[in-house]
K.L.:
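Quick one: the structure is below, questions incoming.
The structure presented is a predicted model; accordingly, all values stated were derived computationally and were not measured. For the numbers below, each heavy atom of this structure counts, side chains included, while hydrogens, waters and symmetry mates do not. Convention: sequence-line order gives letters A, B, ...; per-chain numbering from 1.
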Amino acid sequence: MWEIFILSLNFSLPDFSLPPQKLAPLLIGCEFYIRDVGGIIVEVEAYDQSEPAAHSFTGISARNASMFGPPGRAYVYRSYGIHWCLNFVCAPEHWGAGVLIRALEPVRGIDVMCERRGIMDERLLCSGPGRVGQALAVAHEMNGHSLTQEPFQLVPPTRKHPVISGQRIGISKAVDLPWRFGLLGSRFLSKPFR
DNA sequence: ATTAGGATCCTCT
DNA sequence: GAGGATCCTAATG
C-alpha cells in the first residue's frame, strides 16, 4: 500500500465535471448537510467506469443510471441490503463516475444524528458510508437529486486541508488504485491510512 | 489488534 | 441463485 499527499487549494465549490479521482481530494474539507444535519467531509473514494470496482463498470442499468446522468447529482444505492450510501456524480454526462462519501466530522445536528444512529459516541456517528447514510437519513428518493439544491447543502472549505490517499476499502477488484482520500490525521476516518 | 459471522434485499447472471 | 462500494457484536491473539 502506498500513499501520496495533496493539498486542497481552492476555497470554492469543486467542479463536478472533473473526473472522480481529481474531484475526490477537492471534496475533503467541504461541509455537507442534508436538512442542516451533517459536517465536514473527511473521507471519500473515487469510482470510474473504466475500473471493475465501480457499479458503472458493466454499463448503464436501472440501479446505476444516475451515475451516467449529469454531474453534480446524487447517486444513492442500497448496500448489503441494509444501508443507503451516497455518491456525488461527477465527470461529463455518460461517463459513469462518482465519489462515495465515506465519513464526516459531525458539526451540525449532532443530537439528531445520535438519535438516528442510537449511539452517543460522536466519533462513530458518520465514520463509514453506511453510518453517513443513517446519520444524515439518506433516502432512495434522493437518487438523482441535484447536490446544489434542497435538502442538500455543500459548503466550500474555509482553509487548506492536508489530504492523504490510499487503497479503497471493502472491494475485491481494482484493489491497488489509490483512490481513497482522507483528511490527514482526522479521528473521524472509517479506518486509518497506513 | 484482528477475525468471524449474521443481518438483509435488490440487482444482475 | 449469488453476491455485494457495510455495520455490529463477540471471541480470540
Side-chain angles (χ1 to χ4, degrees), chain A residues 1 16 19-25 27-28 32 34 38-39 41-69 71 73-91 95-106 113-145 147 163-183 186-194:
Chain A
M1 165 120 50
F16 286 110
Q21 67 274 31
K22 300 282 191 188
L23 173 68
L27 291 172
I28 300 299
F32 180 71
I34 301 181
I41 298 174
V42 299
E43 182 185 337
V44 298
E45 280 176 357
Y47 287 90
D48 188 281
Q49 196 199 355
S50 65
E51 43 87 12
H55 289 170
S56 52
F57 180 67
T58 52
I60 193 168
S61 70
R63 177 175 71 152
N64 65 22
S66 60
M67 285 188 85
F68 292 87
R73 308 259 185 117
Y75 165 48
V76 175
Y77 73 94
R78 194 100 155 120
S79 177
Y80 289 89
I82 298 173
H83 307 102
W84 292 105
C85 296
L86 173 67
N87 290 251
F88 291 179
V89 175
C90 66
W95 188 292
V99 176
L100 174 67
I101 306 303
R102 287 194 56 92
L104 306 179
E105 174 178 336
M113 292 192 279
C114 285
E115 184 154 352
R116 287 172 177 165
R117 295 268 301 111
I119 61 172
M120 295 298 292
D121 186 351
E122 208 170 305
R123 196 189 66 80
L124 295 175
L125 276 188
C126 305
S127 59
R131 291 163 172 168
V132 170
Q134 188 180 19
L136 304 208
V138 170
H140 194 38
E141 308 86 72
M142 297 171 186
N143 189 37
H145 195 96
L147 294 166
V163 177
I164 184 172
S165 84
Q167 292 168 305
R168 296 177 293 183
I169 293 178
I171 55 172
S172 55
K173 302 164 192 164
V175 294
D176 289 332
L177 287 177
W179 284 5
R180 174 179 178 236
F181 301 88
L183 177 60
S186 171
R187 70 186 240 265
F188 298 95
L189 298 172
S190 67
K191 251 187 198 163
F193 285 78
R194 300 208 172 276

K.L.:
For H55(A), is there any backbone N or O sitting under 3.5 Å from a side-chain donor or acceptor partner on N64(A)?
P.N.:
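Side chain of N64(A) to backbone of H55(A), a donor-acceptor pair under 3.5 Å: yes, one is there.
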K.L.:
State, with a plain yes or no, whether a side-chain heavy atom of S56(A) is found less than 4.5 Å away from one of F68(A).
P.N.:
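S56(A) reaches F68(A) side chain to side chain.
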K.L.:
Mind listing the N/O atom pairs, protein and nucleotides 5-9 of chain B, below 3.5 Å?
P.N.:
residue : atom : partner : partner atom : Å
dT8(B)  : O2   : Y80(A)  : O            : 2.6

K.L.:
Would you mind reporting whether W179(A) and L100(A) have side-chain heavy atoms less than 4.5 Å apart?
P.N.:
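Counting from C-beta outward, L100(A) and W179(A) never come under 4.5 Å.
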K.L.:
Once Watson-Crick and G-U wobble pairs under 3.5 Å are found, how is DNA chain C written in dot-bracket notation, 5' to 3', with | for any base paired to another strand?
P.N.:
||||.|||||||.
K.L.:
Please identify each residue that fulfils side-chain hydrogen bond (donor to acceptor under 3.5 Å, both in side chains) with D48(A), with sequence neighbours left out.
P.N.:
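Expected list: S50(A), W95(A).
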K.L.:
With 3.5 Å as the limit, what N/O pairs link the protein to nucleotides 11-13 of chain B?
P.N.:
residue : atom : partner : partner atom : Å
dC12(B) : OP1  : S61(A)  : OG           : 2.2

K.L.:
Can you name the ring pair (Phe, Tyr, Trp, His ring centres under 6.0 Å) partners of H145(A), sequence neighbours left out?
P.N.:
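With neighbours one apart ignored, the set is F152(A).
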K.L.:
H83(A): which residues meet the side-chain hydrogen bond (donor to acceptor under 3.5 Å, both in side chains) condition with it, sequence neighbours left out?
P.N.:
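Partners of H83(A) by the side-chain hydrogen bond (donor to acceptor under 3.5 Å, both in side chains) criterion come out as none, since no residue qualifies.
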K.L.:
Taking side-chain hydrogen bond (donor to acceptor under 3.5 Å, both in side chains) as the test, write out the residues that go with S127(A), two or more places apart.
P.N.:
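Scan of S127(A) (side-chain hydrogen bond (donor to acceptor under 3.5 Å, both in side chains), adjacent residues dropped) gives R131(A).
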K.L.:
How would you list all residue pairs meeting salt bridge (Lys or Arg N to Asp or Glu O under 4.0 Å) that involve residues 49-60 of chain A, not counting sequence neighbours?
P.N.:
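Of all non-adjacent pairs touching residues 49-60 of chain A, those that pass salt bridge (Lys or Arg N to Asp or Glu O under 4.0 Å) are E51(A)-R168(A).
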K.L.:
What one-letter contact string describes nucleotides 8-13 of chain C from 5' to 3', where B marks a base within less than 4.0 Å of any protein heavy atom, S marks contact via sugar-phosphate atoms alone, and - marks no contact?
P.N.:
S-----
K.L.:
With sequence neighbours excluded, tell me which residues meet ring pair (Phe, Tyr, Trp, His ring centres under 6.0 Å) with F88(A).
P.N.:
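So F88(A) forms a ring pair (Phe, Tyr, Trp, His ring centres under 6.0 Å) with F32(A).
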K.L.:
Specify the separation, in whole Å, of atom NZ of K191(A) and atom C1' of dC7(C).
P.N.:
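Atom-to-atom, K191(A) to dC7(C), this comes out as 12 Å.
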K.L.:
Taking E45(A) for its side chain and I169(A) for its backbone only, find out whether a donor-acceptor pair lies under 3.5 Å.
P.N.:
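It does hold such a pair.
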K.L.:
With rounding to the nearest 0.5 Å, note down the distance linking CG in L124(A) to OG in S190(A).
P.N.:
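Interatomic distance, L124(A) CG to S190(A) OG, rounded to 0.5 Å: 11.0 Å.
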K.L.:
Taking R102(A) for its side chain and E43(A) for its backbone only, find out whether a donor-acceptor pair lies under 3.5 Å.
P.N.:
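No, because the side chain of R102(A) does not come within donor-acceptor range (under 3.5 Å) of the backbone of E43(A).
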K.L.:
For Q134(A) and R117(A), which I'm curious about, is there any donor-acceptor pair between the side chains at under 3.5 Å?
P.N.:
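Yes.
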K.L.:
When rounded to the nearest 0.5 angstrom, what distance separates SG in C90(A) from CZ in R73(A)?
P.N.:
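Going from SG on C90(A) over to CZ on R73(A), the span is 14.0 Å.
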K.L.:
Under 3.5 Å, side-chain donor or acceptor atoms of residues 135-143 of chain A against the rest of the protein: list the pairs with distances, not counting sequence neighbours.
P.N.:
residue : atom : partner : partner atom : Å
N143(A) : OD1  : S66(A)  : OG           : 2.9
N143(A) : OD1  : V76(A)  : N            : 3.0

K.L.:
What residues in residues 98-106 of chain A put a non-hydrogen atom under 4.0 Å from any atom of DNA chain C?
P.N.:
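When residues 98-106 of chain A is checked for heavy atoms under 4.0 Å from DNA chain C, the hits, listed by number, are L100(A), R102(A).
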